[in-house]
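See below for the structure under consideration.
Numbering of ligands and ligand atoms starts at 1, following listing order. Atoms considered below: every heavy atom in the structure, side chains included; atoms not considered: hydrogens, waters and symmetry mates.
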Amino acid sequence: MDDPGADLVLLERTYGHFRVVNALLAGWRRVYRREIRPRLSPGRTSTLLDVGCGGGDLARRLAGWARADGLLLEVTGVDPDPRAHAWATRLPPVPGVRFERADSASLVRQGRRFDLVMSNHLLHHLDDEQVRDLLADSERLARRAVLHGDLERSRLAWLVWTVLALPFARRSLVHHDGRISIRRSFRAAELARLAPAGWSVRRGVPFRLLLVRDLGAEDDDER
Ligand SMILES: C[S@@+](CC[C@H](N)C(=O)[O-])C[C@H]1O[C@@H](n2cnc3c(N)ncnc32)[C@H](O)[C@@H]1O
C-alpha cells in the first residue's frame, strides 16, 4: 500500500477490504467501549484524531458508535497519502467526520489539539525512530489519552492470515500486505521497550496490541 506505484484499482479495493477486516478483526468496538466511550459526554463535544486513517472506515465507525450512544464526538482522520485522502473524501460524508491530508508532525506544527488521539495499523509502517517521533507528537496533540492499536507479530498470526485472507489474494493487496505487516509488526515486549515512560502496552485478541498513554484530567483550561 505504501508503494507510490501501486495499481490504483487494487489499492482502492484494498481500502474497501480493510473496512471489512477492521470491522471483524481490529477490536476497536471493545477499545471504544472500554477506553473511548467513558471519556465522551452527551453535553460537551469531544474531539478525536485518527492518525494514518487510510480509507477512513474507523473514523466513520467511531463517530457512528458515539452518535448511537448519544455522545458528542468530532472525528478528524488524517493521512499523508493523497490516494488514501482521495478515497476517504470520495465516500459519502458522515456527520462529525472530516478528513485532512496531513501527518502528525504537521498538526503539531499547526498547534492543533484533540481530546483523544488514536491510530490503527500505523506503528508497523514506521521504523523505531519514527515510532518515537509519532509517540512524542501524539503526546503533544492529545489532551486526555492516546490509543495506538496494531497487530502483534507471531508465527501463528502469519499462518492464520495466510489461510484466512486467501479469498482476497487476487482481488486486493490485503493478503499480500497483511502478511508483510504481520512480519513487520511488534511483539508486546518490543513495543514496551521502545515506548517512553508513561506508556503501557495491552494485549488483545486476536493478535492485537494497544499502546496506551493516559494523560489524565478531564478538566483542561484550554477546553
Ligand atoms: C495500513 S494503513 C492503515 C490505514 C487505516 N488506519 C486502517 O486501519 O485501515 C497505514 C496508513 O498509514 C499512513 N501513514 C504512513 N506513515 C504515516 C505517518 N508518518 N503519519 C501518518 N500516516 C502515515 C499510510 O499512508 C497508510 O494510509
Between atom OG of S200 and atom CG of L191, what is the distance when rounded to the nearest 0.5 Å? 10.0 Å

If you measure from CG on D150 to CG on L126, what distance do you get to the nearest 0.5 Å? 9.0 Å

For atom 4 (C) of ligand 1, what's the nearest protein heavy atom and its distance? G52 O, 3.4 Å

Once you restrict to heavy atoms under 4.0 Å, what part of A105 touches ligand 1? Side chain, backbone, both or neither. neither

Just need the protein heavy atom nearest to atom 13 (C) of ligand 1, so name the residue and atom and give the distance. D79 OD2, 3.5 Å

For atom 1 (C) of ligand 1, what's the nearest protein heavy atom and its distance? H125 NE2, 3.0 Å

Do me a favour and list the nearest non-hydrogen protein atom to atom 14 (N) of ligand 1 with residue, atom name and distance? L122 CD1, 3.5 Å

Please check if the number of heavy atoms outside R30 that lie under 6.0 Å from its CZ is greater than 12. no

At what distance is the nearest protein heavy atom to atom 9 (O) of ligand 1, and which residue and atom is it? N22 ND2, 3.1 Å

I'd like to know whether the aromatic ring centres of H17 and F168 sit less than 6.0 Å apart in this structure. yes

Between N120 and ligand 1, which residue portion shows a heavy-atom distance shorter than 4.0 Å: side chain, backbone, both, or neither? both

Using a strict cut-off of less than 4.0 Å between a Lys/Arg side-chain nitrogen and an Asp/Glu carboxylate oxygen, indicate whether R203 and E152 qualify as a salt bridge. yes

